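Values reported hereafter were calculated over all heavy atoms of this structure, with side chains retained and with hydrogens, waters and symmetry mates removed. On a predicted model such as this, the values are computed, not experimentally measured, just so you know. Here is how names work: the chains are called A, B, and so on, in the same order as the sequence lines, proteins then strands, and each is numbered from 1.
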Amino acid sequence: NSFCTLLAFAMNGTIIDTLAKVAEVYRSNGVVYRYKAYRTAIDTIKGLDFEITSADQVKGLKGIGKGMIDKIAEILRTGALQQEKDVTSDPVNQALRLFTSVHGIGPVLARQLVEQGYRTLEDLKAAHLPPAARMGLAHYEDGKERIPFAEVEDHLAHMRQLMHGAVDPALIPVVCGSHRRLGPTSGDVDVLLTQPLSHSQAASKYVYLRLVVKALRDAGYVP
DNA sequence: GGGACCACGCATCGCT
DNA sequence: AGCGATGCGTG
DNA sequence: GTCCC
């Protein structure tokens with residue numbers, strides 16, 4: 001519950017943060033399964049209702065095997081994880097993490113860019129980038145912006161208006177994602193569009209998509 | 001030991 | 001040009 | 001890295 005989350009047990013927090021750092025490095029290097037393994041272990045620790053004082057306490061829990069036990073033990077013993085210090089201080093890893101945080105740049109492209117000598121987002125402006133990555137870079141700061149709850153409401157109202165008027169009055173926009181869970185802010189707005197009669201109109205499968213995109217485009221939502 | 005670990009759209013590649 | 005395979009990135 | 005056959 002939020003109570004536990006709020007005053008997270010200090011040592012658990014250290015463990016979680018440390019493992020998350022290492023996980024992030026793996027992710028930005030394209031080592032997806034190892035990344036996922038870390039995430040699983042992290043989620044398990046996040047769910048604990050007690051503070052870890054000995055690695056044995058989490059032995060056997062989901063996603064925690066020998067490797068994680070050893071890392072947790074080291075963190076408990078020394079207050080930190082040497083592996084974490086090593087990987088995060090490496091300049092190449094730092095660049096990889098930075099680049100892969102750009103929408104449209106994954107581990108492979110990031111690696112190529114680093115090999116070409118690029119290190120900062122400023123550098124990337126001069127790089128040859130695929131359209132998607134170019135777009136991600138141009139909107140990098142904006143993409144990190146959070147959307148206040150009230151603003152999401154405005155977007156939804158606008159959306160309903162658009163769907164009703166320009167597409168099909170029967171279309172029902174359903175909110176999903178963080179906003180539906182009443183989060184104070186959202187990173188994006190997830191909307192599911194349903195049409196009660198669509199089951200009997202299989203042939204019109206793609207029609208709505210085009211209409212919806214056009215409506216959003218005319219409204220200035222999409223370029 | 002050794003393989004699975006999410007599914008899918010889009011771009012690109014190699015082959016015919 | 002057409003098609004499956006592969007690589008890459010995303011939610 | 002962890003899990004499972």
Interatomic distance, His128(A) NE2 vs dT12(B) C1' [rounded to whole Å]
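Distance check: His128(A) NE2 to dT12(B) C1' gives 13 Å.
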When the P atoms of dA4(B) and dG7(C) are compared, how many Å lie between them, rounded to an integer?
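So the two P atoms sit 16 Å from each other.
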Using the C1' atoms only, state how far dC8(B) lies from dG1(D), rounded to an integer number of Å.
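One C1' to the other, the span is 26 Å.
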Would you tell me whether [X] and [Y] have side-chain atoms, one donor and one acceptor, within less than 3.5 Å of each other?
X: Gln57(A); Y: Thr53(A); answer: yes
X: Arg146(A); Y: Ser186(A); answer: no
X: Gln94(A); Y: Asp90(A); answer: no

Sort me out a list of protein N/O and nucleotides 3-5 of chain D N/O pairs below 3.5 Å, or just none if empty.
from   : atom 1 : to       : atom 2 : distance (Å)
dC3(D) : OP1    : Gly63(A) : N      : 3.0

Quick one: ring pair (Phe, Tyr, Trp, His ring centres under 6.0 Å) pairs with a partner in residues 11-70 of chain A, sequence neighbours left out?
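Output for this query lists Tyr26(A)-Tyr38(A).
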Which residue pairs satisfy the ring pair (Phe, Tyr, Trp, His ring centres under 6.0 Å) criterion with at least one member in residues 97-148 of chain A, sequence neighbours excluded?
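Listed by first then second residue: nothing to list.
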Can you sort out which residues in residues 102-117 of chain A have a heavy atom within less than 4.0 Å of DNA chain D? Ascending by number, please.
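Here the set is empty: none.
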Go through residues 68-100 of chain A and report each residue with a non-hydrogen atom lying under 4.0 Å from DNA chain D, sorted by number.
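Those residues are Met68(A), Lys71(A), Gln83(A).
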Is it true that Asp17(A) and Lys21(A) make a salt bridge, defined as a side-chain N closer than 4.0 Å to a carboxylate O?
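No, no charged N to carboxylate O under 4.0 Å.
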Residues in contact with DNA chain B, drawn from residues 21-35 of chain A - heavy-atom cutoff 4.0 Å:
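Under 4.0 Å from DNA chain B: Tyr33(A).
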